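As the structure is a prediction and not an experimental result, all values here were calculated from the model.
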2 protein chains.
Amino acid sequence: MNEAYDELAFEPHEEELLSRVAWHYYHDGLTQSEIGERLNLSRIKVSRMLDRGRKMGLIHVHINSSYGGCFALEARLQELYGLDEARVIPAQETGNVNDRLAEAASQYLMGRLKDQEMLAVGWGATVMGTLQRLSRTLSYKDISLVSLTGGVSAYIEGVASGRSSQNVHLIPAPLVVSQESIAEAIRAERHVVEVMSMARTANYALVGIGAVADEATLIASGYASRSQFEIFRRQGAVGDIIGIFYDQTGEPLDLPFHKMLVGLDFEALSAIPQVIAAAGGPKKVDAIRAAARGGRIDVLITDEPTAQAIIEKDQA
Amino acid sequence: MNEAYDELAFEPHEEELLSRVAWHYYHDGLTQSEIGERLNLSRIKVSRMLDRGRKMGLIHVHINSSYGGCFALEARLQELYGLDEARVIPAQETGNVNDRLAEAASQYLMGRLKDQEMLAVGWGATVMGTLQRLSRTLSYKDISLVSLTGGVSAYIEGVASGRSSQNVHLIPAPLVVSQESIAEAIRAERHVVEVMSMARTANYALVGIGAVADEATLIASGYASRSQFEIFRRQGAVGDIIGIFYDQTGEPLDLPFHKMLVGLDFEALSAIPQVIAAAGGPKKVDAIRAAARGGRIDVLITDEPTAQAIIEKDQA
DNA sequence: GTTATCGACGATCATATGATCACGATGCGC
DNA sequence: GCGCATCGTGATCATATGATCGTCGATAAC
């Protein structure tokens with residue numbers, strides 16, 4: 001029998017043969033050897049055909065889940081901004097976005113935190129929610145918490161209740177004070193210096209990203225006024241991380257407000273091995289995008305519509 | 001670190017994790033071990049998750065080809081009628097259906113015929129087309145041809161041209177004669193007896209399936225009349241194979257016409273290891289269905305709409 | 001409280017897969 | 001016609017996968 005002739009004869013029907021092989025493999029669950037026997041092909045050839053089928057897009061694997069689309073966005077985000085990791089949660093009508101982001105962030109950290117590591121935390125509603133969900137894990141893994149800024153005591157106390165409280169180190173000050181001189185004085189305090197230098201040694205930093213919008217938590221909590229925000233906006237601010245406002249490119253602005261902050265600066269933040277940001281919502285699109293472009297963050301946890309919007313802006 | 005706690009915590013997010021695993025596996029091309037490292041799972045667990053994902057329908061493999069839908073029909077046909085094999089060619093506007101069936105049949109036979117085997121052939125346009133396409137393979141593989149009935153010499157001669165002609169054994173008679181006595185006399189001829197007994201030893205039989213319709217080749221070629229067909233139909237005939245008409249259940253009818261045929265009967269045909277039928281078209285739906293249900297054929301090669309129609313009739 | 005049952009887990013091992021290599025056929029340029 | 005490059009092929013081997021088994025822990029029944 002002349003093999004060459006046989007193979008030649010199949011050529012115009014390559015697609016059929018390919019489809020048939022793929023069908024047997026993926027739907028019938030046959031092994032490549034079994035398919036080879038049935039169709040008079042060598043096992044290796046079947047393997048190569050499947051390979052070709054996959055590369056040519058003939059074989060398509062669909063993941064039948066609301067998460068399916070998100071992974072593509074994650075890959076895109078990572079690629080565009082050089083992130084270590086991106087997590088995108090699927091769009092959903094029910095449920096508060098911040099809660100779901102907090103949930104996702106806590107999931108991420110649960111999988112990442114190793115025993116006895118140190119987590120530095122920023123400021124904001126999402127960060128708070130994440131810490132609440134993490135509290136049990138933090139005890140289990142004996143994680144140390146340290147604050148990146150002042151003004152976190154209110155909510156971090158709840159998280160740190162119980163046995164693990166000895167591992168929580170807070171900057172004992174407000175986030176913002178009314179004068180630069182006071183801020184300087186506080187930053188010079190021994191205890192504050194200690195906590196801040198400890199924060200620099202954290203393995204991870206968990207931060208929120210704030211929009212320059214009237215709904216910002218900074219305004220709601222009285223740390224800043226609407227008129228201040230208006231000024232920030234005029235100066236090109238698109239968002240803030242731990243109270244520091246930055247422009248479209250993610251570069252921090254030179255604002256008097258920054259001088260009144262008690263907390264780490266961007267340089268110190270970047271020195272932490274992995275900066276994880278959890279934020280989402282239409283108002284925050286520009287803020288997140290700028291933070292990512294400027295390399296301010298290593299890991300981004302956001303929601304699907306926000307991810308979509310961010311990516312779209314950078315396609316154009 | 002307490003592993004159990006970690007795993008527990010992922011529970012409500014099983015779908016996410018499953019999707020993520022599937023994504024990495026199928027889209028990113030990571031190995032199960034790599035996925036395990038990334039997501040802090042054991043390799044074996046990743047394997048099991050993928051398994052579950054497939055079983056639960058979370059992971060769906062789509063074969064992006066016009067042939068894709070046909071394999072489902074093939075599987076259904078095989079299952080419903082206990083066929084050894086079914087081949088369904090995709091619906092297509094261009095091209096003659098018979099030609100495409102002949103092409104598919106010849107493809108099938110090319111892959112199946114081994115050196116020096118014997119193929120018995122029936123009667124009809126599709127069979128003729130198949131043999132024409134096969135002629136080169138027949139020479140290459142040194143295949144013997146033998147006819148199942150009379151009346152095939154006209155077209156089989158062309159196929160058997162050249163060196164391999166010594167391996168072609170035809171029943172030297174018409175398909176049908178005008179009287180029972182003549183048929184008996186022919187069937188008693190030494191040469192006819194020889195060829196017919198040779199046909200019984202064939203490895204494969206290739207046959208067409210005829211509809212009881214005015215367009216039938218039997219009528220067109222003058223072997224039967226429209227009025228005869230009308231009578232057959234009244235007696236419950238739905239189709240014929242090698243000139244033998246059968247009813248809805250595939251049982252041969254008791255017709256005077258059969259007594260005037262020169263060729264094998266159903267019993268002899270069934271004794272051939274694999275009876276391959278190639279037929280399609282709306283008129284032949286009932287004929288094919290009855291042949292399949294009655295176990296008259298082992299392999300069916302048909303087209304997509306026909307397969308669909310056959311299956312639909314048996315669903316109800 | 002104790003025991004039985006069940007399910008999840010990872011270790012181990014056989015099998016399936018695909019990466020690499022070397023060969024032979026085919027087509028092309030010299 | 002004669003190398004030469006290229007492609008497709010099967011052989012071989014390292015790796016990836018999943019089937020099987022025993023263990024452990026949780027739960028439920030007693």
Can you tell me how far C1' of C:dA16 sits from NE2 of A:His24, to the nearest Å?
18 Å
Nucleotide C:dG10, atom C1' - distance to CE of B:Met49 in whole Å
16 Å
Please check if any side-chain donor atom of [X] sits under 3.5 Å from a side-chain acceptor atom of [Y], or the reverse.
{"X": "A:Gln315", "Y": "A:Arg76", "value": "yes"}
{"X": "B:Glu74", "Y": "B:Gln78", "value": "no"}
{"X": "A:Asn203", "Y": "A:Gln274", "value": "no"}

Taking all non-hydrogen atoms of both residues into account, name the closest pair between B:Glu304 and B:Pro90 and its distance.
OE1-CA, 3.3 Å
Once salt bridge (charged side-chain N to carboxylate O under 4.0 Å, His left out) is applied, what residue pairs with a partner in residues 32-43 of chain B remain, sequence neighbours excluded?
none
Name the pairs: protein N/O against N/O of nucleotides 17-20 of chain C, kept only if under 3.5 Å.
| from | atom 1 | to | atom 2 | distance (Å) |
| --- | --- | --- | --- | --- |
| C:dT17 | OP1 | A:Tyr25 | OH | 2.8 |
| C:dT17 | OP2 | A:Gln32 | N | 2.7 |
| C:dG18 | OP1 | A:Arg54 | NH2 | 3.4 |
| C:dG18 | OP2 | A:Gln32 | NE2 | 2.7 |
| C:dG18 | OP2 | A:Ser47 | OG | 3.1 |
| C:dG18 | N7 | A:Arg43 | NH1 | 3.3 |
| C:dG18 | N7 | A:Arg43 | NH2 | 3.2 |
| C:dG18 | O6 | A:Arg43 | NH2 | 2.8 |
| C:dT20 | O4 | A:Arg48 | NH2 | 3.2 |

Do any side-chain nitrogens or oxygens of A:Lys45 fall under 4.0 Å of OP1 or OP2 in D:dG8?
no
